[in-house]
Amino acid sequence: MSLAFPRRLLSSHTLSAARFSSRTFSTSRRALADQVRIVEVGPRDGLQNENTSIPAETKIELVRRLAATGLDAIEAGSFVHPKWVPQMAASDKVLSSILANPPRSQKPMTYQWLLPNSKGLDNYFKTHEVSIFMAATESFSKKNTNCTIKESLDRFAPLMAESRKAGYSVRAYISVALGCPFEGPDVDPHKVAELAASLLEMGADEISVADTTGMGTAPRTQKLLQTLKEAGVRSEDLALHFHDTFGQALINTMVSLEHGIRTFDSAVGGLGGCPYSPGATGNVATEDLVYFLHSLGAQTGVDLDEVSRIGDWITAEIGKSNSASAGKATLARLKREGSA
Ligand SMILES: CC(C)(COP(=O)([O-])OP(=O)([O-])OC[C@H]1O[C@@H](n2cnc3c(N)ncnc32)[C@H](O)[C@@H]1OP(=O)([O-])[O-])[C@@H](O)C(=O)NCCC(=O)NCCSC(=O)C[C@@](C)(O)CC(=O)[O-]
């Protein structure tokens, strides 16, 4: 596919949204009639960093509402040590509720669960997807999972084998791929590519390349994706996971679309942050991502009005401000129309 995203801008460190021309936009719109898949990570990545305890019922209700919006993949919780991430301690309740009473959805749903090792694997049943996670830097790996990168790969080998034997798909995150809170923005793209290739070789079905800190810029996203391609990692094996800490998530999404990426992670209301990435703010908001993708002519199947209502509801419920610009604008429209 060829989006007319000017390459000379991508190689420039002065790239700014203001330099998109209307010609670029209209050509993009013509070119991008594809289906783009959104993985909603709000119930896990979005909530894991909240200090106040969120009742399991609220998490369950969030998953149920999201499932009815046209999404087909929701990361619903994680099975990690509660001492490390207390907010995810009720993930077993969320899982039980989904299994006992599957949420109403427009499409067959995949629920994803984050696992750091084989310990939580017993919690699974088919139709669910296992997400493993590792880091592109040693410092983040130590802080997040108390092991080196090599130890992390060693841990995942049996987990991956077991998951595959049991018939679960495996998604693998590579965190801090575009900047590390401890080592800075210059994370080696070759390291990310090497890890992606190893994880795919081990049997991962999809690699979610995560800009945990939101430090990613368009030129560095471009370089990373080019490096992954040169290492033989196909765009269809990748998802991109942007945090919007520096407001670059959508421009980095554009760069990724140009590279043929068709799966993106986001969190309703722009919820999020990582407990081991000080200062990192939310994931790119699902509402903003959906609005952006639809504006390019892409199809997501996601109902923008519905996710905007959910973003408003969940942020109020947990006492946070709603950081989804498109969500707030959509709600204002819905209020004017009397259907908010
Ligand atoms: C990996 C460990 C467990 C190692 O933690 P450890 O302390 O090195 O583990 P251990 O193997 O020495 O075991 C210590 C205790 O933990 C227990 N244990 C062992 N495994 C589990 C488990 N799965 N669930 C529950 N408990 C577990 C184990 O049974 C034992 O219990 P004890 O005998 O002391 O009672 C710990 O570091 C941990 O839980 N880390 C999770 C950190 C986390 O969840 N971080 C946030 C994820 S977000 C992220 O990474 C980024 C991402 C994915 O969102 C994308 C992005 O970058 O944006």
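Predicted model, so just to flag it, every value in this text is computed and none were measured. Atoms within a ligand are numbered from 1 in the order they appear, just like the ligands themselves.
Atoms of ligand 1 lying under 4.0 Å from any heavy atom of A210, numbered from 1 in the order shown and given with element: 55 (C), 56 (C), 57 (O), 58 (O). Less than 4.0 angstrom separates some heavy atom of Y173 from each of these atoms of ligand 1: 53 (C), 55 (C). Contact atoms of ligand 1 toward R155: 1 (C) (distance under 4.0 Å to a heavy atom of the residue). Here is the list of ligand 1 atoms found below 4.0 Å of a heavy atom in D45: 54 (O), 58 (O). Listed by number with element, the atoms of ligand 1 under 4.0 Å from a non-hydrogen atom of N146 are 6 (P), 7 (O), 8 (O). Atoms of ligand 1 found under 4.0 Å from any heavy atom of P116, numbered from 1 in the order shown, are 1 (C), 23 (N).
Taking CG from D244 and CD1 from I251, the interatomic distance works out to 11.5 Å, rounded to the nearest 0.5 Å. Atoms CD and CD, on E50 and Q48 in that order, are 10.0 Å from each other to the nearest 0.5 Å.
With a heavy-atom cut-off of 4.0 Å, E75 does not touch ligand 1 at all. When heavy-atom distances to ligand 1 are checked against a 4.0 Å cut-off, V80 comes that close through both its backbone and its side chain. Proximity of H81 to ligand 1, defined as any heavy-atom pair under 4.0 Å, is shared by backbone and side chain alike. The parts of S175 lying near ligand 1 are both backbone and side chain, judged by heavy-atom distances below 4.0 Å. At a heavy-atom distance under 4.0 Å, only side-chain atoms of V85, from C-beta outward, approach ligand 1. Of all the heavy atoms of N117, the ones lying under 4.0 Å from any atom of ligand 1 belong exclusively to the side chain.
Judged purely by atom type and a 3.5 angstrom limit, D211 uses its side chain to pair as donor or acceptor with the backbone of G216. T227 contributes a side-chain N or O that, together with a main-chain N or O of K223, makes up a donor-acceptor pair within less than 3.5 Å. When atom types are taken as modelled, the side chain of Q87 and the backbone of T52 share a donor-acceptor pair closer than 3.5 angstrom. Between the side chain of S266 and the backbone N or O of L289, no donor-acceptor pair lies under 3.5 Å. Without hydrogens or angle criteria, D237 side chain to E206 main chain gives no donor-acceptor distance under 3.5 Å. Under a 3.5 Å cut-off, the side chain of N252 and the backbone N or O of Q248 do form a donor-acceptor pair.
Using a 4.0 Å heavy-atom cutoff, H243 is listed among the residues neighbouring ligand 1. Heavy atoms of R171 come nearer than 4.0 angstrom to ligand 1 in no pair at all. Judged by the shortest distance from any of its heavy atoms, R44 lies inside the 4.0 Å radius around the atoms of ligand 1.
Considering N144, D211, V176 only, the shortest heavy-atom separation from atom 50 (O) of ligand 1 involves N144. Evaluated by nearest non-hydrogen atom to atom 22 (C) of ligand 1, the leading choice among K119, K142, M134, E151 is K119.
Taking distance alone, with nitrogen or oxygen atoms compared against 3.5 Å, H241 approaches ligand 1 more closely than that limit.
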query: Stepwise, does the side chain to side chain contact (heavy atoms under 4.5 Å, CB included) test hold for M215 with R220?
result: CA-CA 9 Å; M215 286 180 197; R220 285 194 301 103; 4.1 Å; yes

- prompt: Could you walk me through whether S97 and R64 pass the side-chain hydrogen bond (donor to acceptor under 3.5 Å, both in side chains) check?
  reply: CA-CA 10 Å; S97 165; R64 290 193 181 283; 2.9 Å; yes

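The residue from L114, D92, V130 that alone fulfils the side-chain contact (heavy atoms from CB on, under 4.5 Å) condition with F79 is D92.
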